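Here's the structure we're looking at; comments come further down.
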Amino acid sequence: WAIRSGYTGIMPDRSDKPYEENVAEVAELVKIAHAVNVSVEGEIGHVGMGDEPDTIRKNLVQPEMVKDYTERTGVDALAIAIGTTHGLYAGKPFIDFDLLAQCLAITDVPLVLHGGSSTGDELLAQAARSGICKINICTDLLMNAARLWNEAGVTDAGKGVKYLRQGYKEKLVHYMNVFGQVDKF
């Protein structure tokens, strides 16, 4: 559906499936996507939810999988589980930078960090400096937009759109500074 709709990239997350099933499904999607010049981002390890702190460290990426996965699937970018979670953290955020360094040493495929929201500016800035090429921050964008919406006391969705845009923009500009990307493009 996404490819037919004109998307230029897809992000099929099969990380909750057994490894071989993840590889097979993503490799098939890569064949389809690459045939029409669409990029594909895969994921290994499993970035769980912030309210599952016990599962975070159990599902970190295994560095030896990085080379195998990228070669067998042909993905254009790879999200790796190195400690972050989707949504808000129930515990203290962490990123395993030693694990990141091991993964970077194994592949030239750009590495991605899913679950960047509420990880903290210092950890995310270090991730960007350390070689992470893309950091997902959707929850933080949504929360900032909702904060502005609530502060304005919006009750009419049509009138609230400007607060959503403003909230997204504010937080995005903040992260562009955190990631050292101001004036880069």
Side-chain angles (χ1 to χ4, degrees), residues 1-3 5-17 26 29 38-57 59-61 75-96 100 110-185:
W1 177 89
I3 293 169
S5 296
Y7 284 72
T8 59
I10 60 172
M11 190 172 58
D13 179 0
R14 302 298 191 269
S15 65
D16 61 341
K17 298 186 177 221
V26 172
L29 288 168
V38 170
S39 66
V40 180
E41 176 183 312
E43 182 175 339
I44 53 176
H46 181 63
V47 177
M49 298 302 294
D51 60 356
E52 305 169 337
D54 294 336
T55 64
I56 296 167
R57 292 181 195 258
N59 293 310
L60 297 178
V61 66
V75 292
D76 303 289
L78 179 62
I80 55 172
I82 55 174
T84 56
T85 71
H86 293 118
L88 300 175
Y89 284 86
K92 183 179 178 190
F94 86 101
I95 294 175
D96 188 331
L100 171 58
L111 297 181
V112 175
L113 187 69
H114 286 186
S117 292
S118 78
T119 300
D121 290 355
E122 288 181 29
L123 288 174
L124 294 180
Q126 185 177 348
R129 286 191 310 270
S130 297
I132 288 290
C133 294
K134 179 183 138 206
I135 300 173
N136 291 9
I137 51 169
C138 182
T139 299
D140 281 352
L141 297 174
L142 290 170
M143 289 184 62
N144 200 55
R147 179 187 60 79
L148 290 181
W149 176 291
N150 291 332
E151 287 174 1
V154 173
T155 57
D156 180 338
K159 294 178 182 174
V161 171
K162 71 178 181 180
Y163 297 103
L164 297 177
R165 286 186 181 131
Q166 181 182 345
Y168 264 60
K169 182 179 178 180
E170 282 178 8
K171 193 52 97 171
L172 199 50
V173 167
H174 166 79
Y175 276 126
M176 288 173 69
N177 282 294
V178 169
F179 302 153
Q181 296 303 305
V182 174
D183 298 325
K184 295 278 181 156
F185 301 97

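When a residue number appears, it is its place in the shown sequence, counting from 1. Treat the numbers as computed from the prediction; the structure is a model and nothing was measured.
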May I ask you to test the [X]-[Y] pair for a side-chain heavy-atom distance under 4.5 Å?
X: Leu172; Y: Ile137; answer: yes
X: Asp121; Y: His174; answer: yes
X: Lys134; Y: Glu41; answer: yes
X: Glu43; Y: His114; answer: yes
X: Thr8; Y: Val38; answer: no

* Pair Arg147, Asn150: side-chain N/O donor-acceptor within cut-off below 3.5 Å ->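 Side chains of Arg147 and Asn150: no pair found under 3.5 Å.
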* Side chains of Tyr175 and Asp140, donor plus acceptor under 3.5 Å -> yes
Under 3.5 Å, which donor-acceptor pairs do the side chains of residues 124-131 form with other protein atoms, sequence neighbours left out?
residue	atom	partner	partner atom	Å
Ser130	OG	Gln126	O	2.7

Heavy-atom pair with the smallest gap, counting every atom of [X] and [Y]:
X: Gly45; Y: Ser15; answer: O-CB, 2.9 Å
X: Val161; Y: Trp149; answer: N-CZ3, 4.3 Å
X: Asp13; Y: Asp16; answer: O-OD1, 4.3 Å
X: Lys162; Y: Lys159; answer: CG-O, 3.9 Å

* **Candidate pair Asn136 and Val112, rule side chain to side chain contact (heavy atoms under 4.5 Å, CB included), full reasoning** => CA-CA 8 Å; Asn136 291 9; Val112 175; 4.3 Å; yes
Nearest-0.5 Å distance, [atom1] of residue [X] to [atom2] of residue [Y]:
X: Ile10; Y: Leu29; atom1: CD1; atom2: CG; answer: 5.0 Å
X: Ile95; Y: Glu122; atom1: CD1; atom2: CD; answer: 11.5 Å
X: Ile82; Y: Leu60; atom1: CD1; atom2: CG; answer: 8.5 Å
X: Asp96; Y: Ile80; atom1: CG; atom2: CD1; answer: 9.5 Å
X: Leu148; Y: Leu164; atom1: CG; atom2: CG; answer: 8.5 Å
X: Leu123; Y: Leu113; atom1: CG; atom2: CG; answer: 9.5 Å

* To do: Could you please spell out the steps behind the side chain to side chain contact (heavy atoms under 4.5 Å, CB included) verdict for Phe94 and Thr84?
  => CA-CA 7 Å; Phe94 86 101; Thr84 56; over 6 Å; no
* Asked: For the side chain of Asn144 and the backbone of Gly167, is there at least one donor-acceptor N/O pair under 3.5 Å apart?
  ->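 A pair under 3.5 Å: yes.
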